[in-house]
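Throughout, protein chains are lettered first and strands after them, A, B, ... in sequence-line order, and every chain is numbered starting at 1.
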4 protein chains.
Amino acid sequence: MPQGSNASRRSESSRRAILAATEELCRESGYRRLTIEAIAARAGVGKTTIYRWWPSKGAVVLELLDEAAVVGTAPPDTGDLAADLRSLLTEVIELSTPQDSAPGVGLVAEALQDPELGRELRERLIEPRIATFKQRLRRAQDTGELSPDADLDVALDLLYGPLYHRLALHLGMPDRAHLDALITHVLRALTPPPEHPPTP
Amino acid sequence: MPQGSNASRRSESSRRAILAATEELCRESGYRRLTIEAIAARAGVGKTTIYRWWPSKGAVVLELLDEAAVVGTAPPDTGDLAADLRSLLTEVIELSTPQDSAPGVGLVAEALQDPELGRELRERLIEPRIATFKQRLRRAQDTGELSPDADLDVALDLLYGPLYHRLALHLGMPDRAHLDALITHVLRALTPPPEHPPTP
Amino acid sequence: MPQGSNASRRSESSRRAILAATEELCRESGYRRLTIEAIAARAGVGKTTIYRWWPSKGAVVLELLDEAAVVGTAPPDTGDLAADLRSLLTEVIELSTPQDSAPGVGLVAEALQDPELGRELRERLIEPRIATFKQRLRRAQDTGELSPDADLDVALDLLYGPLYHRLALHLGMPDRAHLDALITHVLRALTPPPEHPPTP
Amino acid sequence: MPQGSNASRRSESSRRAILAATEELCRESGYRRLTIEAIAARAGVGKTTIYRWWPSKGAVVLELLDEAAVVGTAPPDTGDLAADLRSLLTEVIELSTPQDSAPGVGLVAEALQDPELGRELRERLIEPRIATFKQRLRRAQDTGELSPDADLDVALDLLYGPLYHRLALHLGMPDRAHLDALITHVLRALTPPPEHPPTP
DNA sequence: TACTAATCGAGACGGTACGTCGCGTCTTACG
DNA sequence: CGTAAGACGCGACGTACCGTCTCGATTAGTA
């Protein structure tokens with residue numbers, strides 16, 4: 001593909017330096033104290049260069065997380081549905097755990113107040129994971145593990161909801177036992193007792 | 001409570017003016033653009049007076065919401081458990097709906113990044129509602145509507161979780177049908193099929 | 001006049017620090033490289049404090065020169081008109097000589113491009129000196145040294161003009177001999193050969 | 001001049017576009033707001049092209065004025081010395097009058113602070129005019145209109161000085177009457193009353 | 001006529017300073 | 001004393017231009 005003259009003049013090395021500096025500073029002082037000014041200084045880059053390519057510090061952090069995330073587009077499928085769901089949920093839990101938390105939580109907090117950032121966050125980080133999640137559940141429907149008319153959006157709310165609930169309220173992420181309890185409850189609710197369908 | 005001579009010389013009229021100004025400004029420009037500086041100006045109050053009594057703008061807004069909320073400490077009990085749960089959840093949904101959302105959502109966002117504010121938010125706004133919620137569920141256990149060993153913390157996660165989930169992801173609050181689906185699912189999961197207990 | 005409550009809250013110590021820093025920086029690096037940012041840093045003062053009280057760096061420098069100038073409002077009068085004029089002109093020449101030149105020349109340069117600054121410069125620094133100059137010439141008219149209908153504005157142009165001429169063209173200030181030549185010429189032109197008046 | 005193969009590959013059309021853009025922008029927004037960046041944009045030219053051929057915006061403007069000026073190298077000589085001087089002075093006055101003033105005044109202002117630009121300005125714009133001026137005066141000495149030992153440098157100062165004086169002080173250029181008064185005075189001072197020479 | 005190197009347009013880049021905003025503290029005068 | 005008013009030191013903001021630096025794409029003189 002001869003994209004030739006269409007090539008952006010953007011400096012890849014600056015881009016990398018900016019993301020690296022962002023990651024360092026976030027780790028050192030947290031999302032809150034993160035500053036475009038400081039990123040530029042640490043990265044050895046003009047502020048302009050940051051503003052040229054990102055609209056806000058949130059967008060920089062978003063790209064950082066986006067790069068960091070190894071997106072396995074195919075859902076895990078060990079044959080054990082509960083285990084697979086647990087591993088999907090665990091990925092999110094780990095993104096919200098202290099040492100790495102700064103960028104993730106800060107980003108969610110900022111996105112709450114900034115619709116445009118929220119949209120980006122949803123499109124680039126969240127929706128792919130939702131898709132993966134639903135893909136796994138759909139497969140479970142195919143194998144008859146789940147009721148074929150189970151409402152997958154409800155399942156999504158029920159399984160991911162608690163994580164955000166606890167995040168927002170500083171309640172600490174659910175431990176292994178609690179997580180298993182959640183999954184068990186939800187699967188039970190979605191598993192077809194043949195005679196009455198889940199939603200009236 | 002004979003606090004007598006100990007009575008604070010704090011000016012109640014300033015306090016009210018501050019909260020009123022906060023409410024107006026929040027409504028006009030949103031939590032994000034809210035500023036201690038602007039509150040003081042609008043309220044005709046010195047900045048010192050605000051800083052003397054509140055540690056941050058979040059704390060002011062928290063007090064505003066705290067005053068606004070009519071906390072029915074006793075849970076609703078119409079005899080219809082699903083309906084009662086729906087009305088409890090609806091209160092929170094309304095706090096997160098556009099016109100009034102600014103203070104509520106902004107506060108949650110800020111609390112995500114400010115542990116102290118998070119603690120205050122939890123203690124003064126959240127926990128009373130959690131208590132009310134659990135109280136109603138416990139009554140349902142007493143009447144046999146719910147399994148006596150149902151895990152109420154899990155129920156809490158399952159019912160409130162989705163709201164925060166959707167809040168954080170700008171997904172829009174669940175509509176009436178979805179909400180009912182949620183409640184139905186959760187109640188089904190908590191209702192005892194006598195042979196296997198909810199947690200393994 | 002008990003101006004009491006009317007007293008400005010302005011910090012005199014900051015004002016002095018700002019002027020001192022300005023003077024130092026001007027001496028060290030010249031008017032051109034002088035920067036509000038640097039003044040603030042050197043003075044240990046917020047930039048806001050400078051912008052609050054002065055509209056531009058030119059205004060700060062103007063105030064600096066204004067304070068530095070010992071304005072003898074009464075003109076010198078040794079009885080020797082030429083000598084008195086020479087001493088008046090010398091004051092201006094010294095303000096435009098290298099070591100002290102930075103502020104003075106820079107200010108004139110900036111005022112050339114900034115009408116508001118030009119007005120201030122004129123009112124606060126220039127016009128008092130013009131008044132003094134004219135006062136001395138008027139006294140010379142009283143004593144008959146000068147023609148009573150000599151045009152003092154023309155005299156002003158003729159005597160001060162060359163200084164600005166040379167300043168603008170980097171020609172160097174007139175030396176003692178040239179200055180005396182100038183004064184001699186001008187006085188001769190203003191001294192009445194009784195029959196024909198100076199202006200037609 | 002066999003510069004032959006050495007011929008510059010410089011683009012004349014770019015040069016003209018740059019000068020034209022400079023002239024327009026100067027007229028529209030004044031020398032002060034003039035910017036290399038803006039010149040390049042308006043001229044449809046890369047910034048590099050400007051920096052390759054001129055060291056500063058002052059140099060561009062200088063070239064602009066240099067081209068615009070129709071330098072009559074031979075002084076006017078109508079036989080009426082006062083009239084000839086007036087027409088020489090008028091050329092400078094017009095260069096400093098509002099509509100065209102921007103480039104001229106700005107250039108002088110900048111040159112005050114930039115010795116290199118000052119030198120260029122002097123050599124290319126000023127000195128030719130001084131030469132012309134002196135040439136005319138010398139001719140007047142030949143015809144006996146002026147004292148043969150009149151100091152032409154003093155004459156220069158006395159006649160051009162007031163213009164810069166007024167320019168620097170935003171005093172407005174001398175009107176016709178004042179200009180005539182100046183010329184009259186100066187000529188009187190330089191005309192030989194046979195018994196006492198002009199300088200003591 | 002084709003080659004080849006200087007020049008061109010475009011504009012990203014690392015910087016410096018700008019002028020503004022809001023912070024949280026401090027100072028002053030009043031009630 | 002608490003208060004209204006607001007100046008203060010500070011830090012970050014987002015912008016404007018600077019002068020330098022790649023990038024192909026002309027383009028003009030030479031081979």
Side-chain angles (χ1 to χ4, degrees), chain A residues 4-15 17 33-41 43-53 55-57, chain B residues 8-11 13-14 17 33-41 43-57, chain C residues 4-15 17 33-41 43-53 55-57, chain D residues 4-15 17 33-41 43-57:
Chain A
S5 69
N6 195 17
S8 169
R9 248 89 121 189
R10 177 168 185 184
S11 155
E12 174 65 12
S13 74
S14 290
R15 191 182 142 272
R33 273 182 283 278
L34 187 63
T35 270
I36 297 266
E37 199 114 17
I39 296 175
V45 139
K47 283 198 285 175
T48 322
T49 301
I50 300 183
Y51 285 113
R52 199 179 345 257
W53 303 110
S56 66
K57 79 167 175 176
Chain B
S8 170
R9 286 157 89 157
R10 176 171 187 182
S11 154
S13 73
S14 290
R33 276 184 281 277
L34 187 64
T35 271
I36 298 266
E37 203 106 31
I39 296 174
V45 139
K47 285 199 287 175
T48 322
T49 303
I50 300 183
Y51 283 113
R52 205 188 328 268
W53 304 110
W54 291 277
S56 67
K57 80 165 175 178
Chain C
S5 68
N6 195 17
S8 167
R9 247 90 120 186
R10 178 168 186 183
S11 155
E12 174 65 13
S13 74
S14 290
R15 191 182 141 273
R33 274 183 283 279
L34 187 62
T35 270
I36 299 266
E37 199 114 19
I39 296 175
V45 140
K47 283 198 285 177
T48 322
T49 302
I50 300 183
Y51 285 113
R52 202 182 338 261
W53 303 109
S56 67
K57 79 167 176 176
Chain D
S5 67
N6 197 15
S8 170
R9 287 157 90 151
R10 177 171 187 181
S11 154
E12 175 64 13
S13 75
S14 290
R15 189 182 145 273
R33 275 183 282 277
L34 187 63
T35 272
I36 298 266
E37 204 109 26
I39 295 175
V45 139
K47 286 198 288 174
T48 322
T49 304
I50 300 182
Y51 284 112
R52 204 187 331 268
W53 304 109
W54 291 277
S56 66
K57 80 165 175 177

Nucleotide N/O to protein N/O under 3.5 Å, stretch nucleotides 3-6 of chain E:
{"residue": "E/dA5", "atom": "N3", "partner": "D/R9", "partner atom": "NH2", "Å": "3.0"}

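- Of all heavy-atom pairs between A/A17 and A/A43, the closest is O-CB, 3.5 Å.
- Smallest separation of non-hydrogen atoms from A/L34 and A/K57: O-NZ, 3.2 Å.
- In this structure, C/I50 and C/A40 approach most closely via the heavy-atom pair CD1-N, 3.8 Å.
- In this model, the phosphate group of F/dG19 is not approached by any side-chain N or O of D/W54 to a distance below 4.0 Å at OP1 or OP2.
- In C/R33, the CZ atom is not crowded: 12 or fewer heavy atoms of neighbouring residues, nucleotides or ligands sit closer than 6.0 Å.
- The interatomic distance linking A/E12 (CD) with F/dC23 (P) rounds to 14 Å, in whole Å.
- Taking atom CD1 of residue A/I50 and atom P of nucleotide F/dT15, one finds them 13 Å apart after rounding to whole Å.
- Here F/dA5 presents its P atom at 16 Å from CD1 of B/I39, a figure rounded to the nearest Å.
- OP1 and OP2 of E/dG11 both lie 4.0 Å or more from every side-chain N or O belonging to A/W53.
- The heavy-atom pair separating B/I36 from B/S56 by the smallest distance is CD1-C, 4.3 Å.
- Within the model, atoms CH2 of A/W53 and OG1 of A/T48 stand 12.5 Å from one another, a figure rounded to the nearest 0.5 Å.
- To the nearest 0.5 Å, atom OG1 of residue B/T49 and atom CZ of residue B/R10 are 9.5 Å apart.
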* Using a 4.0 Å heavy-atom cut-off, write out nucleotides 14-19 of chain E from 5' to 3' as B (base contacted by protein), S (sugar-phosphate only) or - (no contact). => SB-SBB
